[in-house]
Amino acid sequence: MNVLLIGSGGREHALAAKLAASPLLKTLFCAPGNPGIADVAQCVVLDVTDHGKVVDFCRVNGIGLVVVGPEAPLVDGLADSLKAVGIPVFGPSAAAAQLEGSKAFTKALCDRMDIPTAAYGRFNNAPKAKNHVRQQGAPIVIKADGLAAGKGVTVAMTLEEAFAAIEDCFEGAFGDAGAEVVVEEFLEGEEASFFCICDGETALPLTTAQDHKRVGEGDTGPNTGGMGAYSPASIMSDALIEQTMESIIRPTMRGMAEQGMPFTGILYAGLMLTGSGPKLIEYNVRFGDPECQVIMPRLKDDLLVLMKAAADGVLSSMGVHWRDEAAATVVMCAPGYPASAKKGSVISLPRAIDLPEGVTIYHAGTAKKGDDLVANGGRVLNVTATGKTVTAALETAYQAVDLIEWPEGFCRRDIGWREIAREKEE
Ligand code: AMP
Ligand code: GLY
């Protein structure tokens with residue numbers, strides 16, 4: 001089968017590597033890809049906002065499955081355009097992608113299906129939002145509705161911080177995403193990411209991971225797309241997974257189908273594990289980045305088979321199997337990230353044979369400049385390792401980080417600190 005993968009980050013490099021290992025694969029194309037993906041796929045220039053062009057490409061190249069990595073093309077209805085002409089696609093319709101694209105949509109679904117989540121109010125002007133905040137008190141959470149690249153959320157510890165965030169939203173700091181503001185109850189607990197693969201009806205639990213959103217060690221500083229991750233997250237016990245399936249995931253699948261927008265693709269639940277059970281913080285409609293990079297190396301099954309089964313609506317007969325190993329990723333960033341990353345610094349990677357066993361370096365924001373590999377984005381490299389434990393995987397990942405010659409690059413040195421502490425206790 002010929003496959004077209006859409007995206008250019010570390011997530012897509014991890015997906016590409018896994019798809020490339022499938023015996024069913026003939027040719028893997030990736031639009032636009034990156035220099036790392038180019039090792040395992042044929043990178044192509046294709047304007048994915050022009051759905052007609054994507055359809056033409058698929059027809060000319062006999063594409064049997066389109067896999068969409070990031071959320072933007074999904075929210076933009078690329079899956080609908082492909083399905084309308086009979087091209088199989090792994091990823092939700094625009095209607096179903098509202099689970100990520102609109103916080104208000106997800107909150108309304110939670111209300112209807114009785115899904116545990118933070119109490120909230122929704123406002124279209126600043127005075128009303130501030131009034132609500134005054135009544136509720138701090139800490140409290142302010143969110144711009146819509147996609148704001150993970151930067152539209154303020155966990156305000158004081159009323160003043162909350163007011164400032166509300167003003168930012170309505171003054172257009174997040175563009176159209178801030179036209180509506182969701183004000184949420186502050187949930188206390190530890191966060192975990194939980195992933196399911198879905199075919200419109202069936203949701204099969206995949207696995208868990210934990211991301212590190214803040215740029216600084218000790219979880220300080222501004223939010224980023226994610227500075228590192230590990231999988232599995234042992235805090236998500238089997239009992240908590242079953243509770244999440246029962247109280248959150250299955251009602252979501254039912255509710256979406258009832259609304260005529262069945263969910264296909266990856267359902268990624270951001271959870272807060274509170275004293276009164278798991279609560280939904282948010283949904284994403286695709287794999288996390290960098291969570292995907294720690295999930296793919298642990299997956300025993302053929303990803304292409306699973307994704308095709310999801311696209312064809314036949315997941316209920318499938319099982320998912322995992323290596324008895326942990327994986328961890330350290331994200332290396334360009335200086336200035338997340339405010340404004342400096343592009344162009346030269347990176348020298350070790351040869352594959354010089355890397356410790358179990359290490360893969362996924363490319364995220366890299367580019368080729370002549371013979372040089374250069375930084376071309378905020379998050380640039382994802383150094384991933386497997387190991388018996390998360391602690392072991394991280395030790396190996398940091399050994400590999402130290403072999404990379406990139407004086408300008410930086411990373412957090414404390415990825416996985418919660419899990420390492422838990423493993424020490426055992
Ligand atoms: P989101 O973009 O909705 O995932 O929010 C980004 C981050 O803000 C989450 O990963 C949490 O760390 C934090 N957050 C969001 N909502 C809440 C909440 N209701 N209570 C506490 N923290 C939250
Ligand atoms: N790492 C967080 C995300 O992909 O949304």
Side-chain angles (χ1 to χ4, degrees), residues 7 9-12 14-15 69-72 74-75 97 99-107 110 115-122 133 136 138-157 161-162 165 169 174 177-178 181-195 208-215 219-231 233 266-276 278-295 329-331 333 338 362 364 378-379 382 412 415 418:
R11 167 181 50 210
E12 286 74 28
L15 292 173
E71 63 277 17
L74 295 167
V75 172
L99 280 178
E100 173 160 1
S102 166
K103 292 186 192 299
F105 174 89
T106 301
K107 283 299 194 187
C110 289
I115 293 168
T117 185
Y120 74 104
R122 190 180 165 192
V133 165
Q136 301 295 316
I140 195 154
V141 182
I142 312 296
K143 300 185 176 185
D145 193 30
L147 292 177
K151 289 165 195 146
V153 175
T154 304
V155 179
M157 300 317 285
E161 263 180 85
C169 285
F174 309 108
V181 164
V182 173
V183 178
E184 264 189 27
E185 165 199 9
F186 172 76
L187 297 175
E188 210 158 355
E190 188 167 334
E191 278 179 67
S193 304
F194 178 57
F195 298 84
T208 56
Q210 203 170 47
D211 186 14
H212 298 65
K213 290 209 164 112
R214 304 297 192 102
V215 74
D219 295 327
T220 55
N223 263 327
T224 69
M227 296 295 291
Y230 64 86
S231 175
I266 294 295
L267 187 58
Y268 157 0
L271 302 172
M272 189 70 86
L273 306 176
T274 74
S276 52
K279 293 195 177 178
L280 181 70
I281 298 176
E282 62 157 0
Y283 272 131
N284 296 306
V285 297
R286 34 85 194 167
F287 273 115
D289 184 345
E291 291 95 323
C292 186
Q293 292 86 310
V294 290
I295 293 175
T329 284
V330 176
V331 176
C333 301
Y362 295 117
R379 296 188 296 166
N382 306 149
R412 274 180 64 167
I415 297 305
R418 287 188 188 82

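Along the sequence shown, the residues carry numbers beginning at 1. The figures here come from the full heavy-atom set of this structure, side chains too, leaving out hydrogens, waters and symmetry mates. Each ligand, and each atom within it, is numbered from 1 in the order the structure gives.
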Quiz prompt | Sidechain-backbone polar pair: E12 side chain, G9 backbone, donor-acceptor under 3.5 Å | solution = yes

Self-check item: Contact atoms of ligand 2, heavy-atom distance to G288 under 4.0 Å
Solution: 4 (O)

Quiz prompt | Any donor-acceptor pair under 3.5 Å from S231 side chain to I295 backbone | solution = no

Practice problem: Give a yes or no on whether the backbone of A118 and the side-chain of K107 come within a donor-acceptor separation of less than 3.5 Å. | Solution: yes

Exercise. Please could you name the atoms of ligand 1 that K103 approaches to less than 4.0 Å, counting only its heavy atoms?
Key: 2 (O), 3 (O)

Quiz item: Where do A209 and E291 come nearest, in terms of heavy atoms and distance?
Solution: CB-CG, 3.9 Å

Exercise. Check R11 against ligand 2 and report side chain, backbone, both or neither, counting heavy atoms closer than 4.0 Å.
Key: neither

Quiz item: Mind checking whether Q293 and R11 have side chains closer than 4.5 Å, heavy atoms only?
Solution: yes

Quiz item: Using heavy atoms and a threshold below 4.0 Å, how should the contact between E191 and ligand 1 be classified: side chain, backbone, both, or neither?
Solution: side chain

Self-check item: Atoms of ligand 1, numbered as shown, that sit under 4.0 Å from any heavy atom of K143
Solution: 3 (O), 15 (C), 16 (N)

Quiz item: Under a heavy-atom criterion of less than 4.0 Å, does R286 contact ligand 2?
Solution: yes

Quiz item: Near I281, which atoms of ligand 1 are under 4.0 Å from a heavy atom of that residue?
Solution: 3 (O), 15 (C), 16 (N)

Practice problem: Could you tell me the residue and atom name of the protein heavy atom closest to atom 2 (C) of ligand 2, and the distance to it rounded to 0.1 Å? | Solution: D211 OD2, 3.3 Å

Exercise. Report yes or no: does a heavy atom of G270 sit under 4.0 Å from some atom of ligand 2?
Key: no

Exercise. Ignoring hydrogens and angles, tell me if any N or O in the side chain of R379 forms a donor-acceptor pair with the backbone of V331 under 3.5 Å.
Key: no

Practice problem: Using distance alone, decide if ligand 1 has a nitrogen or oxygen within less than 3.5 Å of any nitrogen or oxygen in N223. | Solution: no

Quiz item: Would a distance-only check, ignoring hydrogens and angles, find a side-chain to backbone donor-acceptor pair under 3.5 Å from T154 to A156?
Solution: no

Exercise. For N284, take its heavy atoms, then give the atoms of ligand 2 lying under 4.0 Å from any of them.
Key: 5 (O)

Practice problem: Indicate whether the side chain of Y230 and that of Q210 have a donor and an acceptor atom separated by less than 3.5 Å. | Solution: yes

Self-check item: Non-hydrogen side-chain atoms of K103 and E282 separated by less than 4.5 Å
Solution: yes

Quiz item: Is L187 in polar range of ligand 1, meaning some N or O pair under 3.5 Å apart?
Solution: yes

Practice problem: Answer yes or no: is there a donor N or O on one side and an acceptor on the other, between the side chain of H212 and the main chain of I415, under 3.5 Å? | Solution: no

Self-check item: Ligand-side contact atoms (ligand 1) for residue partner M272, heavy atom cut-off under 4.0 Å
Solution: 21 (C), 22 (N)

Quiz item: Do G225 and ligand 2 have an N or O pair less than 3.5 Å apart?
Solution: yes

Quiz item: Is there any N or O on E291 that sits under 3.5 Å from an N or O of ligand 2?
Solution: yes

